[in-house]
Amino acid sequence: MSLKILHNVNVIQPDDLVLPATLWIRNGIIEKLESGLSSLPEGEYELMDGQGHLLIPGMIDVHIHGANGFDMMDGSVASIQEVSRACAETGCTSFLVTSVSSTIEELLAMIRSVKRVIGREVGAKIVGLHLEGPYLNPKRKGMQNERFLRHPNLTEMKEIFNEADGLIKMVTIAPELPGGMELISFLKENGIIIAVAHSDATYEEAKQAFEAGASHVTHCFNGMRPIHHRDPGLVVAAFEEEHVSLQAIVDGIHLHPAIVRMMHRLKGPDGMVLITDALQAMGLGDGNYVFGGHHVTVSDGVARLEDGTLASSTVTMNEALRLTVETGISLKDAVQMASTTPARILSLDTRGRISTGFDADLVLLNEQFQVQWTMIKGHII
C-alpha cells in the first residue's frame, strides 16, 4: 500500500513546542505534515497510531565501530549487518561505518565487506565510510593501537580510495604529522570531510589545517591537546572557525555536562553533532572485549583499556539524545544535533527533517527516549 497515514504523534516545531500532528507518507516520502488530528480521507491507506509519542527524524551516527558483540573491522558481512540492525533498534537510520587504525590489509577487508552489504542492509542504511586513522599522532593515541599508527602516505591513501569506490565520506587525521597538509589537499580535492583528532596540533597548526580544508573535529576534547591559557591548541582553534563542526560523545563520561553546554553555546546546534563512537559492547553491557587490538573491559557501561584509558563508548543514539537534553539543552536543538546537522554535513539532502519531500526516516520515542519503532523510507524496521 503506497499511502500511510501516521496520526496521534507529537512533532517538535521550530519554536520548540511539541504539538500533535498527522503525517502522510507515500512511497517512502513525506507527502504532508498537518498539525492536530486531521480528518482522514476515503480510500485505501494504512493507518498508524503513534499513541501520543514523540516523532523525530531518524538519527544519523557519523562515528560508530561496532555493536552487539560485533566489530566492523573484522571484515565480515555479519558484523556490518549486526551494527545496521543495532543502529535501527536505537533510533539511528543512517550511519558511517567507522574504522580504527589497522594494517592496510585489515582496512581493505573491512571496505570490501561494506561493499557487499550496502544496499542490502537489514536495518540502518550505510551512507559511507569514516576512516579514523591510521594517520594519527601516537602522543594523543587514546585507544588507537600505536603499532598501526603512521605518517600520512598518499600512495597508501590512493590505494584505499581505489578499493572504496567513492564510499569514503570522512577521514580523521592528525594534520601536524609529516605529510598531513598534503593529505588535506588530496582529501579536499576529492570532496572528503576532513576531520581532526588524535592530534597534538598547536593552535597555529590547527588554524593552518582549517584554512586548508579541514572542517570537522572528531570526538571533540578527547584525543587532542588540551586547552591551556598560553597554549590554546586545536579545540580553541575549532571554536573560532565558523565552518568547523564538532562531534560530541554525550555519555556522561567523555564530556562533563558543562563542556557539552559550552560547545552548544559556542557552536550552536548547526555546528555540533552527537555520535556514539560505540564499540562492540554497545547493546551487551559489562564484560571483556577485544577492540583495535586491545583488551577492553567494560564496567558500569564505561569501556577502558588495561591502563585506564577510555576506549570508545557504549552509548546509543537515543541515550545520547536523552543525556543531551538532561544537560539543559533544548529537545529541538538536541534533535537537530542528532539528525539534521549530520545530514547537512554529509549532504544527505532528503534526510534529517520531518518535512514535505523528505525521506520517511522516522523514529518514535516514548517519554524516556526509548525507541518504540524505527521507520526507514516508510517501512518499519
Side-chain angles (χ1 to χ4, degrees), residues 62-67 69-83 95-118 126 128-180 182-184 186-187 190 192-200 218-219 222-223 277-281 288-296 303 305-307 309-312:
V62 304
H63 191 155
I64 182 169
H65 299 281
F70 291 84
D71 179 354
M72 292 188 288
M73 282 299 294
D74 69 9
S76 74
V77 166
S79 291
I80 307 293
Q81 288 287 27
E82 192 58 37
V83 173
F95 69 106
L96 291 182
V97 175
T98 306
S99 67
V100 294
S101 298
S102 66
T103 65
I104 181 69
E105 292 79 15
E106 289 170 323
L107 179 56
L108 294 178
M110 184 270 272
I111 291 172
R112 285 190 285 269
S113 70
V114 171
K115 288 162 67 176
R116 290 195 293 270
V117 171
I118 196 164
I126 297 168
L129 295 165
H130 172 191
L131 306 185
E132 189 181 11
Y135 311 128
L136 307 175
N137 195 324
K139 189 173 181 179
R140 303 293 177 187
K141 65 182 184 296
M143 61 68 54
Q144 298 280 338
N145 197 316
E146 187 169 358
R147 64 194 174 103
F148 299 128
L149 302 184
R150 46 202 186 266
H151 291 166
N153 183 321
L154 279 181
T155 300
E156 182 180 66
M157 182 57 81
K158 288 175 182 177
E159 181 182 356
I160 296 166
F161 264 67
N162 288 337
E163 183 63 61
D165 289 337
L167 286 177
I168 297 171
K169 303 300 179 187
M170 181 181 292
V171 177
T172 295
I173 67 166
E176 74 278 9
L177 295 176
E182 289 81 5
L183 181 59
I184 287 176
F186 172 79
L187 295 173
N190 284 276
I192 307 302
I193 300 163
I194 305 157
V196 180
H198 295 290
S199 166
D200 198 44
T218 294
H219 46 52
N222 292 276
D277 192 8
L279 77 165
Q280 66 263 47
N288 296 307
Y289 302 88
V290 176
F291 178 53
H294 294 294
H295 291 284
V296 177
L305 303 183
E306 292 175 344
D307 65 1
T309 300
L310 285 171
S312 295

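Although no hydrogens or angles enter the test, the distance criterion places no donor-acceptor pair under 3.5 Å between the side chain of H151 and the main chain of L177. With hydrogens and angles disregarded, no donor-acceptor distance shorter than 3.5 Å links the side chain of N190 to the backbone of I192. Between the side chain of E106 and the backbone N or O of T103, at least one donor-acceptor pair lies under 3.5 Å.
Once rounded to the nearest 0.5 Å, the distance linking CD1 of I160 with CG of L107 reads 5.0 Å. Distance CZ/R112 to CG/D165: 11.5 Å, rounded to 0.5 Å. Atoms OG1 and CE, on T98 and M73 in that order, are 10.5 Å from each other to the nearest 0.5 Å. Here L187 contributes atom CG and E182 contributes atom CD; the two are 11.5 Å apart, rounded to the nearest 0.5 Å. With rounding to the nearest 0.5 angstrom, the CG atom of L305 is 6.5 Å from the CE atom of M143.
Looking at N137 and L149, their side chains never come closer than 4.5 Å, going by heavy atoms from C-beta outward. You'll find the side chain of N153 reaches within 4.5 Å of the side chain of Y135, heavy atoms only. A 4.5 Å side-chain heavy-atom check between I111 and L129 finds at least one atom pair inside the cut-off. Using a 4.5 Å cut-off on side-chain heavy atoms (C-beta onward), K115 and L167 make contact. Proximity of K141 to L136: side-chain heavy atoms (C-beta onward) are nowhere separated by under 4.5 Å. Using a 4.5 Å heavy-atom threshold, the side chains of V83 and I64 count as touching. I193 has its side chain out of reach of V171: every pair of non-hydrogen atoms, C-beta onward, lies at least 4.5 Å apart.
Considering every non-hydrogen atom in both I126 and I118, the closest pair reads O-CD1, 3.7 Å. Nearest heavy atoms, M110 versus S99: CE-CB, 3.5 Å. The two residues L183 and P152 make their nearest non-hydrogen contact at CD2-CB, 3.9 Å. The two residues G75 and R116 come nearest to each other via the heavy atoms O-NH2, 3.7 Å. Contact detail for E176 and S199: the closest heavy-atom pair is OE1-OG, 2.8 Å. The minimum heavy-atom distance linking S101 with G133 is given by the pair OG-CA, 3.7 Å.
For the salt bridge (Lys or Arg N to Asp or Glu O under 4.0 Å) condition, the pairs that include at least one residue of residues 147-161, sequence neighbours left out, are R150-E156.
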Quiz prompt | Residue pair F148, I104: steps toward the side chain to side chain contact (heavy atoms under 4.5 Å, CB included) verdict | solution = CA-CA 9 Å; F148 299 128; I104 181 69; over 6 Å; no
Quiz item: Checking side chain to side chain contact (heavy atoms under 4.5 Å, CB included) for the pair L96/K169: CA distance, chi angles, key distance, verdict?
Solution: CA-CA 8 Å; L96 291 182; K169 303 300 179 187; 4.0 Å; yes
Exercise. Using the side chain to side chain contact (heavy atoms under 4.5 Å, CB included) rule, take V97 and M72 through it: C-alpha gap first, then chi angles, then the decisive distance, then the call.
Key: CA-CA 7 Å; V97 175; M72 292 188 288; 3.7 Å; yes
Exercise. Report the C-alpha distance between M157 and F186 in whole Å, list the side-chain angles of each, state the deciding distance to 0.1 Å, and finish with yes or no for side chain to side chain contact (heavy atoms under 4.5 Å, CB included).
Key: CA-CA 9 Å; M157 182 57 81; F186 172 79; 3.7 Å; yes
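Every ring pair (Phe, Tyr, Trp, His ring centres under 6.0 Å) that H63 has, sequence neighbours left out, goes to H65, H130, H219.
Checked by atom type, the side-chain pair E132/T218 shows no donor-acceptor distance below 3.5 Å.
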